[in-house]
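Atoms considered below: every heavy atom in the structure, side chains included; atoms not considered: hydrogens, waters and symmetry mates.
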Amino acid sequence: MINKILKSAFTLMLMMPLLTHAQTSIQWQELNTTSIDKVNINHGAFIDQQGTGLVISSGIVDLTAKPYLFIAEQVTDSSVESEAIYLVDGSNVIVTNLSAEQGNRSFAAATSFLGATLVTGGIAKQKTTNLVNLIIWRPESKTLYSYPLPVLPSTAKSPSAVVINNILYVLTGSDANNQFFALDLNGLINAEGKLSYSKRALDHFIDSNSWQRLPSLPLANQNMPYQNGIKLAVQNDGTGAKIFAIGGYQFAHDKLNSAEYLNSQEKVFALTRHWKFDPNTKNAENQWQNLGDISVAKQKLNQRINSLSSIGQSHILAFTDQGNTLSFNAITNSWTHYLTNNIDKTQVINGAKTTEYISENVTTSDGVIYSLNRSNNNPSALRLWQASLKQPEKNFGLVNMTVLVVYLICVVLLGLFFVFKNRNTDDYFRGGQSIPWWAAACSIYATMLSSLTYVALPAVVYQSNWVLLIGIWMIVAVAPLAIYVAMPFFRQIDATSAYEYLSKRFNMSVRLFASGLFTLFHVGRMGIVMALTALSLSAVTPLSASDSVLIMGVLCLIYCTMGGIEAVIWTDPLQTVVLILGAIACFIIIVTGLDGGLTDFINIGLRDDKFTMVNADFSLDSITTLSIWVIVIGGIGQNLSSYTADQAVVQRYMVTKNPSDARKSIWANAIIAAPGALLFFCIGTALYAFYQTHPEKLDPTIQIDQIFPTFIATELPIGVAGLIVAGIFAAAQSTVSTSMNSIATTLVTDFIRPFNLVKTEKGYMSAARWLTFIMGILGTLAGLVFIDPEIRSLMEAYFKVIGMFMGALGGLFVLGALTKKANSFGAITGILAGVSTMISAWQFGWADGYLYATIGIMSCLVVGYIASLLTQTSKTTNKDLTGLTLYTMHPTPIKS
């Protein structure tokens with residue numbers, strides 16, 4: 001009996017997150033304005049955001065229209081058009097006039113561009129047009145201006161348009177053979193990045209720019225050769241921004257001219273197939289990808305999609321002709337249905353159900369959707385509504401929050417235990433060289449990866465594949481270099497700061513420059529780590545991202561400032577154990593949540609190429625992609641720079657009793673890192689499979705980096721979720737505290753002690769603590785800056801930060817160790833060349849960010865060596881390099 005009770009309680013605990021999970025819903029509200037009686041919106045009206053207001057056209061009325069959905073093909077000579085156009089700002093409405101030739105057309109495509117509206121094609125005076133206009137409202141003069149742009153090559157009855165990277169893409173319907181066009185708008189942008197409205201600039205643009213014809217959209221059904229009303233939306237599918245073509249209608253072409261046919265609602269069929277277009281693919285045959293028929297909950301969609309709205313970093317909302325809201329995940333290619341939580345607006349009139357949530361056209365601003373809606377009992381008139389997604393309340397729970405708080409308190413107390421062990425700066429910066437090798441190994445692992453691995457890496461894999469795995473595994477290739485080359489250098493000179501080597505090999509100026517560059521890197525690194533963790537925690541706890549950054553910063557300031565390197569290192573083994581065991585538990589729970597378990601995980605991964613590890617691209621353009629050679633060379637460069645030039649890692653070489661223990665710590669770190677990376681890649685792919693199978697469980701407004709913490713909070717058992725979230729929190733603190741201590745180490749050792757700025761050991765200890773405190777404040781401020789929803793992946797940002805700073809530093813160490821002719825002038829020249837080269841790669845995009853570190857190393861090495869050869873003097877030639885290069889290392893082996 002007791003066993004049954006315990007079993008039932010355990011099962012209930014496992015189910016608890018699933019029982020408390022609530023689905024995202026959509027909430028509608030009709031906008032009432034003080035001049036609502038002035039607004040008369042009809043069929044085919046467009047809406048667009050301009051500044052703080054909305055631009056809404058008047059549309060078209062057909063006096064003979066039947067009381068159901070009206071489409072562009074039904075426009076007749078009896079249709080009535082108005083030149084009225086509305087500017088709605090809050091509760092105020094301004095009515096002005098704009099002719100059809102100036103852009104006030106029905107069924108035209110309207111899209112935002114730098115605060116203006118591009119109006120393309122549509123119907124003017126009952127005729128299909130190819131006109132293109134740019135219209136903008138200027139509130140200071142209360143005037144709506146219109147500027148003509150190059151006309152479309154074909155007229156388009158009901159086109160759709162989007163803008164990507166300042167290029168306007170327009171899709172026509174079958175009345176124009178489903179053609180697809182692009183117009184480069186960069187010529188309209190001035191040096192300040194704003195639109196140019198002068199007549200001279202516009203005339204020059206029209207004369208020098210023309211439309212480019214792209215591959216036409218395929219037919220969805222050969223038996224229905226006429227399709228139109230398809231909408232376009234831009235969203236990132238994990239590999240970059242893509243154009244999605246969704247919705248619309250279709251019917252038999254030979255009946256097109258029959259008014260009786262078109263006025264029969266049963267003859268107009270919903271188009272439920274959807275496509276994806278890659279604007280960066282040069283192979284025209286592969287640019288349109290058929291994504292198949294839309295299925296929701298394994299049922300083929302039988303509704304017409306009228307309008308689309310991109311939301312978040314990976315979702316597209318689709319509004320149907322039956323008042324339903326669907327959500328499409330561009331990464332997993334899965335659809336789900338969002339409930340409307342204000343069902344009171346659904347009524348029954350004459351025995352028929354009616355709803356006012358049938359959206360005909362939408363625009364989105366700051367997460368709020370503005371929509372022109374109709375009700376199915378009054379289809380001729382449209383009203384202005386707004387909609388917003390209502391997320392389930394964050395129910396992290398008292399138990400999880402208690403676990404989180406208790407864990408963090410324990411970590412801080414563990415760190416403070418070492419306050420009274422710091423008698424001098426050697427204790428504060430090197431732990432008295434008494435740290436066991438296994439603790440140093442865990443500390444290297446937690447320092448290098450920590451919450452970045454736990455949170456960002458699964459998010460990267462979720463939206464891509466396994467191509468980064470080989471690059472991370474390059475730690476195994478670099479470990480021997482760290483063990484037999486880098487570590488002996490630093491142990492031989494008994495370094496506290498990694499940059500002491502540079503002053504011995506070159507001069508003090510090189511040392512100070514490198515130490516300053518390291519300081520900038522780790523302040524940025526602290527910001528990225530704290531921002532990433534804070535964004536993750538804000539998705540699953542009541543804490544905001546800013547609150548989380550401030551809490552992490554304050555806790556780090558307390559125990560790191562007081563406890564020194566031992567406080568940092570001895571918290572790392574605890575973090576490592578919690579994170580790895582938690583990751584294993586998460587993977588098991590994710591896989592068991594799939595219908596077919598491990599079989600589904602493997603099948604979905606293989607079907608969607610999620611296990612791809614090699615991108616065998618060796619073309620000239622492959623340097624800008626994650627091709628295999630970029631991954632291998634970039635991975636070697638990143639690891640080489642970290643294990644030779646990063647004070648946070650080098651400091652771990654010096655905390656053990658002897659070189660033998662240091663070697664063990666490096667090997668152990670490599671052994672932990674390689675399978676650990678594989679585990680997190682499996683988690684990323686498992687998350688992809690889980691949310692493809694259960695798309696209704698994914699909040700569309702979260703950032704991609706928040707996906708794993710969201711799963712932890714909503715799907716893991718109560719208490720376990722709190723412990724793992726606490727582990728992520730504390731692991732970020734570990735990385736941040738490491739950076740704080742490492743920066744303080746370099747500042748005291750490289751900038752204060754060599755110049756005898758402080759006279760006593762007590763003074764150096766005081767300076768160390770104050771500098772640790774100040775660096776913690778700077779890192780916390782950087783974390784607040786990095787909380788930016790526009791940063792799609794903080795892991796990618798981290799790779800760039802590594803390359804921008806550590807690549808050139810790694811090149812400096814390689815230059816000193818590999819060459820005997822390198823001198824101080826060559827070193828400074830080399831590091832400046834490395835930084836300049838990486839900045840050019842970043843600004844002009846000629847190389848992928850994963851390659852930055854290697855570019856920095858090679859640039860510094862080549863330029864530095866050449867500069868050294870050109871500036872050789874007798875003094876530099878005769879410099880004693882004993883123990884400072886590979887060729888002049890001490891011949892006697894390092895004793896264990």
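- Taking CD1 of I672 as the reference point, atom OG1 of T576 lies at 6.5 Å (rounded to 0.5 Å).
- The structure places CE of M526 at 9.0 Å from SG of C556, a figure rounded to the nearest 0.5 Å.
- Note on ring orientation: taking the six-membered ring where Trp is involved, the planes of F813 and Y501 are parallel (angle under 30°, cut-offs 30° and 60°).
- Without hydrogens or angle criteria, R505 side chain to A817 main chain gives no donor-acceptor distance under 3.5 Å.
- Judged by distance alone, with hydrogens and angles left aside, the side-chain atoms of R511 form no donor-acceptor pair with the main-chain N or O of F506 at under 3.5 Å.
- Of the inter-residue distances, the one linking S434 atom OG with I569 atom CD1 reads 9.0 Å to the nearest 0.5 angstrom.
- Shown here are the side chain to side chain contact (heavy atoms under 4.5 Å, CB included) partners of T745, two or more places apart in sequence or in another chain: F429, T496, Q647, Q651, N741, T749.
- Between the side chain of S443 and the backbone N or O of A439, no donor-acceptor pair lies under 3.5 Å.
- Between the W473 side chain and the A674 main chain, a donor and an acceptor come within less than 3.5 Å of each other.
- Counting non-hydrogen atoms of other residues, nucleotides and ligands closer than 6.0 Å to NZ of K657 gives a total of 12 or fewer.
- Classified by interplanar angle (parallel below 30°, tilted 30° to 60°, perpendicular above 60°), the ring pair F773/W770 is perpendicular.
- Between atom CE of residue M487 and atom OH of residue Y643 there is a gap of 13.5 Å, rounded to the nearest 0.5 Å.
- The closest donor-acceptor contact from the side chain of T746 to the backbone of I743 lies under 3.5 Å.
- Here the CG-CD1 distance, from L809 to I831, works out to 5.0 Å after rounding to the nearest 0.5 Å.
- Heavy atoms of other residues, nucleotides or ligands lying less than 6.0 angstrom from CE of M474 number more than 12.
- Side-chain atoms of T738 and R652 include a donor-acceptor pair closer than 3.5 Å.
- At a cut-off of 3.5 Å, with distance as the only test, no side-chain donor of T656 or D661 sits close to an acceptor on the other residue.
- Close placement of the W570 and W438 rings is indicated, their centers lying within 6.0 Å of each other.
- Annotation for F844: atom CZ does not count as buried by contact number, only 12 or fewer foreign heavy atoms lying within 6.0 Å.
- Qualifying side chain to side chain contact (heavy atoms under 4.5 Å, CB included) partners for Y764, counting only residues two or more places apart in sequence or in other chains: T425, V748, I752, R753, N756, V758, E761.
- Listed for the E500 side chain is no donor-acceptor partner under 3.5 Å among the backbone atoms of D750.
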Quick one: side chains of residues 863-870, donor-acceptor pairs under 3.5 Å with protein atoms, not counting sequence neighbours, listed by atom name and distance.
residue	atom	partner	partner atom	Å
S868	OG	N823	N	3.0
S868	OG	N823	OD1	3.3
S868	OG	G864	O	2.8

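- Remark: D646 CG to F521 CZ distance equals 5.5 Å, nearest 0.5 Å.
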